[in-house]
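Notes to accompany the following structure.
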Amino acid sequence: MATPSAARGAWTSRTGFIFAAAGSAIGLGNIWRFPYTAGESGGGAFVLIYLLCVVLIGIPVLFAELAIGRSTEKNPVGAFKKIVPGSMWPVLGGLGIATGFGILAFYSVIAGWTLSYLFKAVTGGFGQAMTADESAALFTQLTGDPVWAIILAGVFILLTIFVVQGGVSGGIERTTKILMPVLLVILVILAIRSVTLPNGMAGVEYLFKPDFSKVNIQVFMQALGQALFSLSLGMGAMITYGSYLPKSENMPVAGVSVAFFDTIIALLAGLIIFPAIFSVGGETSGGPGLVFVVLPSIFNSLPAGNLFAVAFYFLLAIAALTSTISLLEVCVSYFVDEKEWSRQKAAWLLGGICFAIAIPSALSQGGSEFFTSFVGGLDFLSIQNIIWGNFSLSIGALLLCIFVAWKWGVPKAIESLEESGDSLPAKGLWSFLIRFVCPVAVGVILIFIIVTQQYF
Ligand code: TRP
């Protein structure tokens with residue numbers, strides 16, 4: 001089997017790659033961000049636009065990133081340097097690395113909340129009746145404590161550093177292979193329970209019945225940002241992961257499988273959260289705390305609910321970890337490849353800086369008044385989420401499409417995607433999407449947002 005240089009590490013097989021890439025894609029984006037964004041953007045219409053974004057923009061951009069990664073076997077900056085030396089394009093890779101950093105700095109805070117819920121579950125905190133108000137109070141108690149919020153985000157970053165400094169193929173592949181399927185099973189059980197709660201079907205309807213009166217440019221921006229965020233696109237994570245994929249593997253199949261599983265998990269999360277909201281009573285627009293506040297009511301209504309809670313928060317933490325690994329890995333791979341730092345040095349130093357940047361987000365849920373109501377009534381974490389998760393990823397994806405379509409060229413990209421000898425199905429379609437549909441759609445959304453100034 002032809003493998004990229006051993007020093008950089010490589011996946012041992014295609015399933016290894018699928019699990020690692022799926023591990024990056026599947027995370028808090030699916031289970032925390034998707035339901036909360038859908039709830040803020042009016043439900044069904046958002047979901048429909050989101051699905052269109054996944055198919056028409058997400059999958060084509062995913063292919064583009066994988067093609068660049070496989071062809072260059074480099075980190076995002078090195079990849080652009082290799083293809084067009086001496087140009088400005090490596091700046092785009094640099095933007096990606098900064099974005100990874102920005103995302104990791106707020107993502108680890110939410111991951112920290114998962115740990116505190118896990119701890120609560122382990123000590124038997126779920127499975128008995130809890131009113132919606134009690135659950136909201138618990139959320140405030142767990143996430144509003146400034147010291148704990150900072151410590152737990154730090155713990156999560158530490159876990160990420162430990163895995164990343166060990167290199168890509170061992171840790172990530174093994175954990176995801178076993179644990180992701182278990183997560184899927186638990187989600188299915190929770191979704192069945194939630195949908196069958198009294199009035200649960202109202203939540204299903206909310207999720208799948210589009211109400212177009214709710215659609216505005218914001219909804220498009222949210223859906224686009226969510227599609228990119230959920231598939232780990234727009235910042236070069238998939239360039240980096242694609243660079244570890246053995247040349248012999250069928251990349252298009254791997255890419256589509258990842259997108260498929262990622263979408264299924266997000267929809268399952270929606271099927272867990274919204275029926276429960278409609279059954280127990282609560283606001284669909286509950287903001288970043290939505291999932292954490294709603295879930296306890298489902299655990300209450302299950303036999304052995306606390307056990308489910310333990311399993312769920314544990315697996316969610318693992319899913320978040322396989323995502324934070326990919327975020328840190330992109331930054332680390334840049335400093336290892338381009339600056340010749342050791343993996344250890346890069347992982348610890350970058351992880352440490354990221355922890356410092358995470359502190360304001362950790363304080364933004366009540367820990368500090370200043371960060372809780374930061375700009376326009378929004379908390380610091382929500383603002384980071386919008387800046388990095390929506391804008392930066394969209395700009396990254398737009399420039400990436402332009403690069404592949406008009407600079408590197410579609411034929412070269414296709415050659416890279418077909419390197420294993422398997423031909424790329426629907427080549428013409430992909431080429432059309434990446435040259436016209438993706439850049440125009442993303443560009444138009446961004447321009448509209450700028451013109452109307454509806455940033456948040
Ligand atoms: N996709 C992950 C999630 O849904 C988050 C993530 C990991 C990510 N790596 C990324 C998002 C790179 C954007 C870019 O939870």
Side-chain angles (χ1 to χ4, degrees), residues 19-38 50 53-54 57-59 61-62 64-66 69 75-76 92-93 95-114 156-157 160 163-164 168 172 176 180 183 187 222-242 255 258-270 288 291 315-334 354 384-397 400:
F19 278 108
S24 166
I26 296 163
L28 296 169
N30 310 60
I31 291 162
W32 160 76
R33 200 181 193 268
F34 175 78
Y36 124 64
T37 312
Y50 168 76
C53 286
V54 167
I57 300 171
I59 294 178
V61 171
L62 175 60
E65 287 203 17
L66 291 174
N75 65 81
L92 173 56
L95 171 73
I97 288 164
T99 306
F101 228 72
I103 293 177
L104 183 57
F106 75 80
Y107 199 95
S108 53
V109 173
I110 323 283
W113 300 351
T114 313
F156 213 87
I157 294 180
T160 310
V163 180
V164 169
V168 281
I172 313 181
T176 19
M180 287 295 119
L183 176 64
L187 291 175
Q222 295 277 23
L224 170 67
Q226 177 58 24
L228 297 172
F229 188 95
S230 193
L231 291 169
S232 300
L233 297 173
M235 55 131 324
M238 290 300 166
I239 295 185
T240 310
Y241 272 29
V258 169
F260 177 78
F261 284 115
D262 186 69
T263 307
I264 294 290
I265 301 243
L267 293 176
L268 272 175
V291 179
L315 292 164
L316 184 56
I318 298 289
L321 184 62
T322 54
S323 299
T324 53
I325 289 167
S326 78
L327 289 162
L328 186 60
E329 174 63 26
V330 176
C331 308
V332 165
S333 75
Y334 164 70
C354 202
Q384 296 301 300
N385 179 31
I386 292 168
I387 293 177
W388 302 110
N390 286 353
F391 286 99
S392 201
L393 294 180
S394 303
I395 294 168
L400 190 104

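Read the numbers this way: they start at 1 and go in the same order the structure lists the ligands and their atoms.
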Distances for all N or O pairs of ligand 1 and the protein under 3.5 Å?
unit_1	atom_1	unit_2	atom_2	d
ligand 1	1 (N)	Ser24	O	3.2
ligand 1	1 (N)	Ala25	O	3.0
ligand 1	1 (N)	Phe229	O	2.7
ligand 1	1 (N)	Ser230	O	3.2
ligand 1	1 (N)	Ser232	OG	2.9
ligand 1	4 (O)	Ala25	O	2.8
ligand 1	4 (O)	Gly29	N	3.4
ligand 1	4 (O)	Asn30	OD1	3.4
ligand 1	9 (N)	Ser232	OG	3.3
ligand 1	9 (N)	Ser326	OG	3.0
ligand 1	15 (O)	Leu28	N	3.2
ligand 1	15 (O)	Gly29	N	2.7
ligand 1	15 (O)	Tyr107	OH	2.5

### Task
Measure from the side-chain N and O atoms of Thr322 to the backbone N and O of Gly23, and report whether any donor-acceptor pair falls under 3.5 Å.
yes

### Message
Going by the rule ring pair (Phe, Tyr, Trp, His ring centres under 6.0 Å), which residues pair with Phe156 if we only count those two or more places apart in sequence or in a different chain?
### Response
none

### Query
Is Phe101 atom CZ crowded by more than 12 heavy atoms from other residues, nucleotides or ligands, each under 6.0 Å away?
yes

#### Entry: Sole candidate of Leu315, Leu267, Leu316, Ile265 that passes side-chain contact (heavy atoms from CB on, under 4.5 Å) when paired with Leu187
Ile265

### Query
Is the Phe229 to Phe34 ring centre distance short of 6.0 Å?
no

### Task
Could you give me the CA-CA distance, side-chain angles and deciding distance for Asn385 and Tyr36, then say whether side-chain contact (heavy atoms from CB on, under 4.5 Å) is met?
CA-CA 12 Å; Asn385 179 31; Tyr36 124 64; 3.0 Å; yes

